[in-house]
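All remarks here apply to the structure that follows.
By convention in this document, chain letters (A, B, ...) are assigned in the order of the sequence lines, proteins followed by strands, and residues within each chain are numbered from 1.
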2 protein chains.
Amino acid sequence: MLSAYMLGEEKGGGMGKQKSKTKKTKAPSADEAAFLAGHRLDAFPRPSVAVDVVILTVRAAALFVCLHERSDHPAKEQLALPGGFMRIEESLDEAARRIVKEKAGFDDIFLEQLYTFADPGRDPRGRVITVAHVALIEAARFDASPCPKGRIEVPWPGETGGPVDVFVDSDGPHSPIELAFDHRDILGTAVRRLRGKLDYTPIGFQLLPAEFTLRALQDVHEAVRGEQVNKDSFRRRMLASGHLEATGSHERDVTWRPAELYRFIRRSAV
Amino acid sequence: MLSAYMLGEEKGGGMGKQKSKTKKTKAPSADEAAFLAGHRLDAFPRPSVAVDVVILTVRAAALFVCLHERSDHPAKEQLALPGGFMRIEESLDEAARRIVKEKAGFDDIFLEQLYTFADPGRDPRGRVITVAHVALIEAARFDASPCPKGRIEVPWPGETGGPVDVFVDSDGPHSPIELAFDHRDILGTAVRRLRGKLDYTPIGFQLLPAEFTLRALQDVHEAVRGEQVNKDSFRRRMLASGHLEATGSHERDVTWRPAELYRFIRRSAV
DNA sequence: GAAATAGTGTCTTTAAGACAGTATGTG
DNA sequence: CACATACTGTCTTAAAGACACTATTTC
């Protein structure tokens with residue numbers, strides 16, 4: 001059974017040596033070129049591919065998400081995650097950065113792919129799948145964006161998962177707002193991912209200004225986890241992690257003893 | 001800034017009450033229905049969407065992957081991950097299960113979405129993005145499939161990431177084989193994900209038969225991590241985890257003292 | 001000085017690593 | 001019996017939680 005493909009022709013076209021560490025397309029053989037010329041990918045129906053971005057920050061011990069009011073149907077005038085269709089010449093990362101820039105005004109943001117949502121029927125326009133992304137940004141930059149801002153409440157513990165509730169605190173009803181499409185589920189997946197990364201990556205690096213107090217870092221962790229953490233142990237763990245470096249200066253304009261400011265050390269490659 | 005979208009019309013069409021816990025499409029208003037009728041999603045070029053599946057097992061202290069010899073261009077007669085195009089009416093999960101069944105012969109397999117690979121130029125036929133999945137299966141079932149089997153060697157430690165090397169051990173050259181497209185990168189991402197899940201989910205459940213020895217479970221962990229683990233600590237940790245249950249019976253046909261067999265307890269919902 | 005938060009030192013508890021020693025099978 | 005592996009008990013070490021105590025600021 002194993003031998004069938006070993007007996008085939010010796011992989012024509014001089015591709016045997018290439019290490020293929022890069023993602024470049026190999027030069028096709030004559031046979032393959034002829035095949036590709038006659039090949040029509042559009043012989044089969046294709047879905048539309050969208051990109052949605054969950055832009056998160058931490059402020060006042062809570063998670064906030066950047067939203068966008070839809071100007072067109074479907075879900076016209078409803079709040080949604082910033083999103084749009086991937087262009088045919090873009091990578092997903094490029095599409096996500098374009099959308100973040102166009103709909104929230106952020107340049108140069110930390111961005112990571114999250115999950116692809118593709119339930120048939122998730123979009124009334126037809127077959128639309130969306131590759132959701134997560135972006136993290138510090139509160140000061142977040143607040144400077146004109147996007148509507150939603151406060152997130154997570155109704156499940158740990159990394160259980162599920163949709164989350166979003167509140168717009170300005171005034172009005174204090175019940176969760178409705179988001180377009182399956183965006184509450186996407187948000188839930190984003191929070192779950194963030195909680196999972198918290199213990200293993202210096203996630204605060206993206207959510208805090210360059211210099212910050214240990215208390216501010218602890219606030220970030222508590223907001224993401226949705227529960228309090230032990231202060232003593234947290235300090236010890238962070239200082240022992242090797243990710244932090246004391247600056248020697250201290251915070252100002254506080255009504256209590258000013259805490260020392262730290263910065264993240266960029267981890268050297270191993 | 002926050003108030004603009006609050007002042008809009010009161011979200012016409014009676015959608016205010018719906019809790020939208022389900023993913024059903026809401027009944028559109030007359031306005032929206034008219035919009036949708038005139039809307040053409042296909043006004044913009046769309047990519048083709050494929051699904052590739054990394055089917056993994058652990059055998060003899062190594063990771064193995066189920067492959068598939070391509071019968072068509074591009075990369076004709078080269079080995080690749082089992083994959084295919086998502087059909088327009090399918091969910092991703094359905095497409096992945098169909099592909100696993102068609103190309104590897106497995107029914108009822110543990111399956112999870114991994115990552116979406118979408119570099120322009122990753123497929124010479126044109127714009128093809130692929131939603132990669134990971135499937136886990138026990139060695140006995142894996143061996144029963146006629147698919148070509150590749151042994152995986154991971155050249156990076158921990159969760160560093162990067163492409164992995166694949167060997168076909170039957171005979172022939174003892175250098176890594178080349179896989180079609182970016183499938184070595186996809187495999188690398190799958191191994192990274194598996195290592196990440198190892199400590200937090202009873203992953204062995206999918207990779208072992210219903211009853212197994214602690215040594216077999218340790219072999220799974222060591223194969224996935226690519227390094228040995230402390231036996232004493234591993235036993236204590238597993239027994240304390242609450243995931244395992246002793247069966248009272250023991251393994252047979254071994255030339256040493258037979259070890260007790262355990263089974264996984266299905267975790268009760270919290 | 002009172003109040004509030006930052007930061008230190010130390011005791012206890014818990015889990016991991018190391019390792020000695022016992023148990024139970026094969027030959 | 002020797003030998004290989006399964007399993008148990010205990011000592012040591014490291015990290016987390018708890019908590020008392022000191023330090024530095026504003027009022």
Side-chain angles (χ1 to χ4, degrees), chain A residues 58-61 157-159 195 198-204 208-209 211-264, chain B residues 58 60-61 157-159 195 198-202 204 208-209 211-264:
Chain A
V58 169
R59 194 213 305 142
E159 295 179 47
R195 287 189 177 176
L198 198 56
D199 285 338
Y200 312 101
T201 53
I203 214 69
L208 291 170
E211 302 190 345
F212 51 88
T213 64
L214 282 174
R215 178 70 229 180
L217 183 57
Q218 187 176 341
D219 284 341
V220 166
H221 280 243
E222 291 181 344
V224 171
R225 298 179 60 143
E227 63 184 18
Q228 299 212 302
V229 306
N230 181 283
K231 180 189 165 186
D232 305 285
S233 161
F234 181 79
R235 293 177 69 90
R236 256 188 313 219
R237 199 150 37 90
M238 287 302 127
L239 293 174
S241 73
H243 290 303
L244 297 187
E245 182 179 55
T247 65
S249 51
H250 295 73
E251 61 181 339
R252 289 200 228 172
D253 302 322
V254 289
T255 178
W256 53 77
R257 170 176 170 181
E260 183 160 18
L261 293 170
Y262 288 81
R263 72 170 72 90
F264 280 99
Chain B
V58 169
E159 295 179 45
R195 287 190 177 176
L198 198 57
D199 285 339
Y200 311 102
T201 52
L208 290 170
E211 301 192 344
F212 52 87
T213 64
L214 282 174
R215 178 69 229 181
L217 182 58
Q218 187 174 341
D219 284 341
V220 167
H221 279 243
E222 291 181 342
V224 171
R225 299 178 60 142
E227 64 184 17
Q228 299 211 302
V229 306
N230 182 283
K231 182 187 165 187
D232 305 292
S233 162
F234 181 80
R235 293 178 69 90
R236 255 187 315 218
R237 202 151 35 92
M238 287 302 127
L239 292 174
S241 73
H243 289 303
L244 296 188
E245 184 178 55
T247 64
S249 51
H250 295 73
E251 62 181 339
R252 289 201 228 169
D253 302 321
V254 287
T255 177
W256 53 78
R257 170 178 171 180
E260 183 161 18
L261 293 170
Y262 289 80
R263 70 170 73 90
F264 280 99

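Closest-nucleotide positions on DNA chain D for A/Pro258 and A/Asn230 were compared, and the one nearer the 5' end corresponds to A/Asn230. With the nearest nucleotide of DNA chain C identified for both B/Asp232 and B/Arg237, B/Arg237 has the one nearer the 5' end. Residues B/Leu261 and B/Thr255 both approach DNA chain D. Their nearest nucleotides, taken by heavy-atom distance, put B/Thr255 toward the 5′ side.
Of the side-chain N and O atoms in B/Arg235, one or more sit less than 4.0 angstrom from OP1 or OP2 of D/dC7.
Salt-bridge annotation for B/Arg215 and B/Asp219: present, with a side-chain N of the basic residue lying under 4.0 Å from a carboxylate O of the acidic one.
D/dT5 atom C1' lies 8 Å from atom CH2 of B/Trp256, rounded to whole Å. Note: CE (B/Met238) to C1' (D/dC7) measures 17 Å, nearest angstrom. Taking atom CG of B/Leu214 as the reference point, atom P of D/dT5 lies 16 Å away to the nearest angstrom. Straight-line distance from the CG atom of A/Leu239 to the P atom of D/dA15: 13 Å, rounded to whole Å.
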Report summary line: Each base of DNA chain C marked ( ) or [ ] if paired in-strand (Watson-Crick or G-U under 3.5 Å), | if paired to another strand and . if unpaired gives |||||||||||||||||||||||||||
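Distances from the side chain of B/Glu260 to the nucleotides D/dT25, D/dC7, D/dG17 place D/dC7 closest.
With a heavy-atom cut-off of 4.0 Å to chain A, the contacted part of DNA chain C has its first and last nucleotide at C/dT5 to C/dT10.
Note on B/Arg215: only backbone sugar-phosphate atoms sit closer than 4.0 angstrom, heavy atoms only; bases stay farther off.
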